[in-house]
Amino acid sequence: MTIKILPEALAAQIAAGEVIERPASVVKELIENAIDAGASEIRVEMRDGGKRLLRVSDNGSGIPSGEVELAFSHHATSKLNSVDDLFRITTLGFRGEALPSIAAVSQLAMLTRSADEPAGVELRLHGGRVTQREAHAAPRGTVITVENLFYNVPARLKFMKSSGSESGHINELVSRYALAYPAIRFSLTSESRLVFQSPGSGSMADVLVAVYGADTARQMVEVSAERSDAGEPGGQGRATAAVYGYLSNPALNRANRAHMVFFVNGRLVQDRSLTFSVVEAYHTLLQVGRFPLCVLKVSVPADEVDVNVHPSKAEVKFRHPGFVFSAVQRAVRATVIGQTPIPALSLPDGADRQGEAPRLSFGQLGLEVQRTAAPLSPPDADDRLHGREWLYPPADREPESGTSRPDVPPDERDAPLPILRVLGQVARTYIIAEGPEGIFLIDQHAAHERILYEKFRRERQALGASAQSLLEPLAVDLTPRQAVRLADRMA
Ligand code: ADP
Ligand code: MG
């Protein structure tokens with residue numbers, strides 16, 4: 001085959017593919033430009049999950065009329081002057097690739113006015129080619145409208161998901177930026193309907209409520225810590241890291257890592273090591289396979305991180321990765337441990353409540369400890385835990401003396417527990433039992449849930465999905481992602 005240089009339009013489409021993968025990538029680039037332009041308000045509108053229309057409006061600096069066309073040239077940027085700048089980047093953009101990339105694969109209109117000009121400019125482009133330019137009245141700032149994304153790249157078009165799925169990605173993206181930039185008022189409308197809005201109050205907690213709902217937000221705790229290597233062995237005070245954000249307390253957790261959000265120097269990143277650091281910090285506090293929710297902003301000096309390692313800037317490289325990861329881990333661990341409530345023990349009257357830590361002998365604890373192997377008294381009528389059932393091993397082993405055989409069908413006795421002898425119950429919540437290898441503390445509520453879960457799972461496997469609609473509708477708070485997945489399943 002002969003080597004030939006690609007036609008310019010085709011080369012532009014290929015380049016666009018690296019940056020613009022789906023409607024949410026357009027939104028990401030346009031939001032980043034608005035943030036770089038100093039906007040305090042960013043409005044995002046979409047139709048058909050952004051496939052038909054996306055519009056991002058900001059009240060930032062605007063683009064001087066003489067530079068409007070230039071902004072759509074490749075490698076045209078106002079944010080970088082020399083190669084040295086590349087290693088101390090403080091803006092989100094720096095490559096000058098977003099606007100030409102988006103323009104190459106859509107029908108785009110930009111209306112912009114900078115503060116010191118009386119009128120704005122409206123520029124229209126089709127597939128990257130300017131089709132119209134005119135002076136236009138406009139408020140200060142920039143409005144970019146992107147229609148029919150990938151209209152000229154049929155192969156890309158085929159990879160687009162349902163409108164619901166694409167809008168879920170956009171919703172998630174907008175809420176993440178809103179969390180990381182709480183001083184900016186964000187809004188998102190879909191088919192002209194307002195679906196998300198952040199107050200712009202400057203408080204991340206306020207945005208958490210807007211994103212996750214008050215119930216979930218209430219279960220998240222603030223983390224704020226700084227670390228410098230100045231006082232550490234071999235440290236020169238050069239490496240510093242600040243960690244700020246919110247973490248779920250261990251009671252609030254999810255089955256995947258989708259709700260672990262990280263920003264490094266204001267940039268949304270996907271970083272396995274950061275994720276791992278946080279998961280590790282919850283070690284022993286969460287069951288295996290469960291993950292916390294978090295929004296963490298990690299700040300390091302601009303020259304301590306290389307942001308130019310990924311086409312859509314979703315990954316970064318730290319100069320001192322170990323330092324940063326352990327700073328994150330320590331901050332998270334300290335916060336979570338500090339916030340995890342220790343189950344309250346009721347102290348007997350007379351025990352010292354104010355003085356130094358009370359010294360209690362076992363007998364002094366005002367707890368209900370029944371030294372008996374007899375069935376436990378259920379905490380209350382509502383708790384239907386059958387105290388004995390789950391304390392027994394598989395049916396092929398005879399229970400030891402002092403225990404009695406549970407009255408349950410063999411297939412329900414599949415818990416991988418050894419034979420346990422019940423010693424007592426603490427705080428009407430935990431069951432203390434003795435087994436061949438030591439003492440077992442069993443959270444009876446969790447055990448009950450587990451029994452029900454196993455039961456439903458078996459029924460489901462045996463009968464196929466069986467579902468019954470609720471008598472009364474039940475309102476549940478869903479994240480954008482969850483809402484989309486639910487809608488997809490119900491469709
Ligand atoms: P980059 O952000 O990497 O510089 P872009 O292609 O995203 O590249 O944008 C090119 C230039 O256009 C930016 O450097 C900036 O000067 C200008 N620009 C783009 N969007 C905006 C905006 N919303 N407000 C003000 N200026 C903008
Ligand atoms: Mg940009």
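Residue numbers start at 1 and run along the sequence shown. Start at 1 and go down the list; that is how both ligands and their atoms are numbered.
Using a cut-off of 2.8 Å, one finds that Asn33 contributes an N/O/S atom close to the Mg ion (ligand 2).
Remark: minimum distance from atom 8 (O) of ligand 1 to any protein heavy atom is reached at Gly96 CA, 3.1 Å. Looking only at heavy atoms of the protein, atom 26 (N) of ligand 1 is closest to Ile63 CG1, 3.3 Å. When hydrogens are left out, the protein atom nearest atom 23 (N) of ligand 1 is Asp58 OD2, 2.9 Å; that is the closest non-hydrogen contact. If you check which protein heavy atom lies closest to atom 16 (O) of ligand 1, you get Ser78 OG, 2.5 Å. Leu99 N, 2.9 Å is the protein heavy atom nearest to atom 6 (O) of ligand 1. Nearest protein neighbour of atom 2 (O) of ligand 1, counting heavy atoms only, is Lys79 NZ, 2.7 Å. From the protein, the heavy atom lying nearest to atom 4 (O) of ligand 1 is Thr77 OG1, 2.6 Å. Looking from atom 12 (O) of ligand 1 to the surrounding protein, the closest heavy atom is Ala71 CB, 3.6 Å.
Using a 4.0 Å cut-off to heavy atoms of Phe94, the atoms of ligand 1 that qualify are 1 (P), 3 (O). When each atom of ligand 1 is checked for a heavy atom of Ser61 under 4.0 Å away, the hits are 25 (C). Distances below 4.0 Å separate heavy atoms of Ala98 from the following atoms of ligand 1: 6 (O), 7 (O). Per-residue contacts place Thr142 under 4.0 angstrom from the following atoms of ligand 1 (heavy atoms of the residue considered): 22 (C), 23 (N), 24 (N). Every atom of ligand 1 is numbered from 1 in the order shown, and the set under 4.0 Å from a heavy atom of Gly93 is 2 (O), 3 (O). Atom numbering of ligand 1 starts at 1 in the shown order; those under 4.0 Å from a heavy atom of Pro100 are 6 (O). The atoms of ligand 1 that sit less than 4.0 Å from any heavy atom of Arg95 are 3 (O).
A salt bridge links Arg133 with Glu69: at least one charged nitrogen is closer than 4.0 Å to a carboxylate oxygen. Comment: Glu191 engages Arg47 in a salt bridge, judged by a side-chain N to carboxylate O separation of less than 4.0 angstrom. Salt-bridge annotation for Glu166 and Lys51: absent, with no side-chain N of the basic residue lying under 4.0 Å from a carboxylate O of the acidic one.
A donor atom on one side chain and an acceptor atom on the other are not found under 3.5 Å apart for Glu280 and Ser277. Between the side chains of Asp206 and Ser198, no donor N or O sits under 3.5 Å from an acceptor N or O. With no hydrogens or angles considered, a side-chain donor-acceptor pair links Ser65 and Glu117 at under 3.5 Å. No side-chain donor from either of Asn33 and Lys28 sits under 3.5 Å from a side-chain acceptor of the other.
Looking at residues two or more places apart in sequence or on another chain, you find a side-chain contact (heavy atoms from CB on, under 4.5 Å) between Val243 and Leu296, Val328, Ala331. For Phe186, there are no ring-ring contact (aromatic ring centres under 6.0 Å, His included) partners, not counting sequence neighbours.
Atom CZ of Arg450 has 12 or fewer heavy atoms from other residues, nucleotides or ligands within 6.0 Å. Annotation: Arg95, atom CZ; neighbour count of heavy atoms from other residues, nucleotides and ligands within 6.0 Å is above 12.
Among Ala37, Ser101, Ala76, the residue whose heavy atom sits closest to atom 11 (C) of ligand 1 is Ala76.
When non-hydrogen atoms are compared, ligand 1 lies under 4.0 Å from neither the backbone nor the side chain of Ala39.
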